[in-house]
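Scroll down for the structure; my scribbles are underneath it.
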There are 2 protein chains.
Amino acid sequence: MARKKKTWLTILGLLSWKPMSGYDIKKYIEIGLSHFWSESYGQLFPALNGLVDQGLATRRQAVSAGKRKKNIYTITPLGRSQFIAWLGGPIEQLSVRNEALLKFFLASKLSTSQSIHIIEQYRDQQRSLHALYLESELIYRRALENDELPEELASLIEWHKTPTQRDAKSNRQQLEVFYLTLRHGVLHVEARLAWCDEALSRLNGMSTRKEHGK
Amino acid sequence: MARKKKTWLTILGLLSWKPMSGYDIKKYIEIGLSHFWSESYGQLFPALNGLVDQGLATRRQAVSAGKRKKNIYTITPLGRSQFIAWLGGPIEQLSVRNEALLKFFLASKLSTSQSIHIIEQYRDQQRSLHALYLESELIYRRALENDELPEELASLIEWHKTPTQRDAKSNRQQLEVFYLTLRHGVLHVEARLAWCDEALSRLNGMSTRKEHGK
DNA sequence: TATTAATATATCTAACTGATATATAGAAGC
DNA sequence: GCTTCTATATATCAGTTAGATATATTAATA
């Protein structure tokens, strides 16, 4: 009954930017979208076949010097119109699966030290993530200030070096969307770290009772 | 190769609290875990059959007055030990699927007004959620202050009315875990709302150029 | 008396994840 | 010159999950 096909629409959205191979698409998603979305190979290639079958994209072979041949997919007008239609539609509620919280919840009848251990693992995970995100954030911020392309995005963004009024705006817009979606990730990680602090201090408050509650 | 079975472990975790029917489990997850976890009927009942087959839980029929008969599942020692083993293991990275962010990212080469519209939808969704969460938060906070059971949890928590030292602690602990996991949700919703403000102000800054950047 | 809501269990298709298989090309190490 | 490692590139499968829907029964409402 064609219930979702989010993978299809995600691919169409990326192809609406520029033609890409399956591998390109996977890398694009990993670098640009991993803070809030993911797609697996298991979905990607069947979806590409489906898109071609349904006339939403076309496939052609390309052999660039020194590389092995690859399939380049290009969006069709039909594909573009389906992408636009989806964009305009309602937005589905986001879904999360947070195993740390699940364990914390389910472990609550066991020892407090078990609960604390779970939160500490969670906090450590999020701290490493935070360090990574802040590094990227700095790079983007500098790039936006100096109108320069960070190397990591060199393969993803078509950067106009001749800064006409129009090109400069396009450059800025592309950087901006990477920056803003990363900021979304940063704010979430910080929320999680704040929660860990809050939870740890409450749990400590519970084990050492009669303390004045923070 | 039995790669995951998170549904199985979630069910075992809940059964480690008390025996329940499939329907009870579903409701428990919806009320208590929905901020960070979900399970569907499609997994739940086959999983319950699997648990019984593998000797991790037992099933018995119960007919309470005026209600239709139901199957009550009880965890076995084997089930409990598998649950404990999983709790002690490493915690998987959390996964998110945020369609709002996906659309925002993919729409970035279209008009700014399209992007703004997507963020506004997202913000409105999160605002309603925020209102709901704050209501619950207030209820829990009051419950914790007055050592009282909020009605919504009456079916989920076994509340000891005779407040021996030990029972009072159990009461508090159970409230605390509901409160803290809700707080996790609240902090996340607030992070999303903060992001919407940040994103909207940056997008407005871009469309009305020459403004002094905030 | 009819309809709706809540309780309770079950099933199916479509979608998705993660692991793994396969192959080519360039780089690194020895 | 040979092996090994990494990056590029595509593909597939088994296990897992989501979401819709079917089906009864009892209680509440109109």
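All of these numbers come straight from a predicted model, not from anything done at the bench. A, B, ... follow the sequence lines: proteins, then strands. Residue 1 opens every chain.
B:Arg142 has no carboxylate O lying under 4.0 Å from a charged side-chain N of B:Glu148, or vice versa, which leaves the two without a salt bridge. Here A:Arg202 does not pair with A:Glu198 in a salt bridge; the nearest charged N to carboxylate O distance is not below 4.0 Å.
Taking 4.0 angstrom as the limit, A:Lys27 places a side-chain polar atom (N or O) nearer than this to OP1 or OP2 of D:dT8. Between D:dT8 and A:Tyr23, a contact under 4.0 Å exists linking OP1 or OP2 to a side-chain N or O. For C:dA8, neither phosphate oxygen OP1 nor OP2 lies less than 4.0 angstrom from any side-chain nitrogen or oxygen of B:Asn71. Side-chain N/O atoms of B:Ser40 include none lying less than 4.0 angstrom from OP1 or OP2 on D:dA20. When the side-chain nitrogen and oxygen atoms of B:Arg97 are compared with OP1 and OP2 of C:dC16, one or more of them lie within a distance under 4.0 Å. The phosphate of D:dA18 (OP1 or OP2) has a side-chain N or O of B:Ser38 nearer than 4.0 angstrom. Taking side-chain N and O atoms only, B:Thr7 has a distance below 4.0 Å to OP1 or OP2 of D:dT17. Contact check, B:Gln43 against D:dT16: no side-chain N or O comes under 4.0 Å of OP1 or OP2. Residue B:Lys5 has a polar side-chain atom (N or O) positioned under 4.0 Å from OP1 or OP2 of D:dT16.
If you take CD1 of A:Ile11 and P of D:dT10, they are 12 Å apart, rounded to a whole angstrom. The distance between atom NZ of A:Lys6 and atom C1' of D:dG19, rounded to the nearest whole Å, is 12 Å. Taking atom CD1 on A:Ile31 and atom C1' on D:dT8, their separation rounds to 13 Å, with Å as the unit. Rounded to an integer number of Å, the gap from CG of B:Leu51 to C1' of C:dA10 is 16 Å. Distance CG (A:Leu9) to P (C:dA14): 17 Å, rounded to an integer number of Å. The nearest whole Å value for the distance from the CG atom in B:Asn49 to the C1' atom in C:dA10 is 9 Å. Per the geometry, CG belonging to A:Leu102 stands 11 Å off P belonging to D:dT17, to the nearest Å. Rounding to whole angstrom units, NZ of residue B:Lys26 and P of C:dA10 are separated by 15 Å.
Taking the ring centroids of B:Phe104 and A:His184, they lie at or beyond the 6.0 Å cut-off. Here the two rings, on B:His35 and B:Tyr133, have centers that are under 6.0 Å apart.
Considering only the side chain of B:Tyr41, C:dT11 comes nearest among C:dT11, D:dA18, D:dT10.
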- Message: Is there a salt bridge (Lys or Arg N to Asp or Glu O under 4.0 Å) between B:Arg141 and B:Glu145? Walk through the geometry before answering.
- Response: CA-CA 6 Å; B:Arg141 231 202 276 270; B:Glu145 273 164 26; 5.8 Å; no
Quiz item: Going through the distances and angles, do B:Tyr73 and B:Asp24 end up as a side chain to side chain donor-acceptor pair (under 3.5 Å)?
Solution: CA-CA 10 Å; B:Tyr73 296 86; B:Asp24 293 337; over 6 Å; no
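Among the heavy atoms of the strands, none lies under 4.0 Å from A:Ser95. Residue contacts for B:Gly42: at a heavy-atom cut-off of 4.0 Å it reaches a base atom on one of the strands shown.
Comparing B:Ile72 and B:Glu92, the nucleotide of DNA chain C nearest to each residue sits closer to the 5' end for B:Ile72. Between B:Gly22 and A:Trp8, the one whose closest nucleotide on DNA chain C sits nearer the 5' end is B:Gly22.
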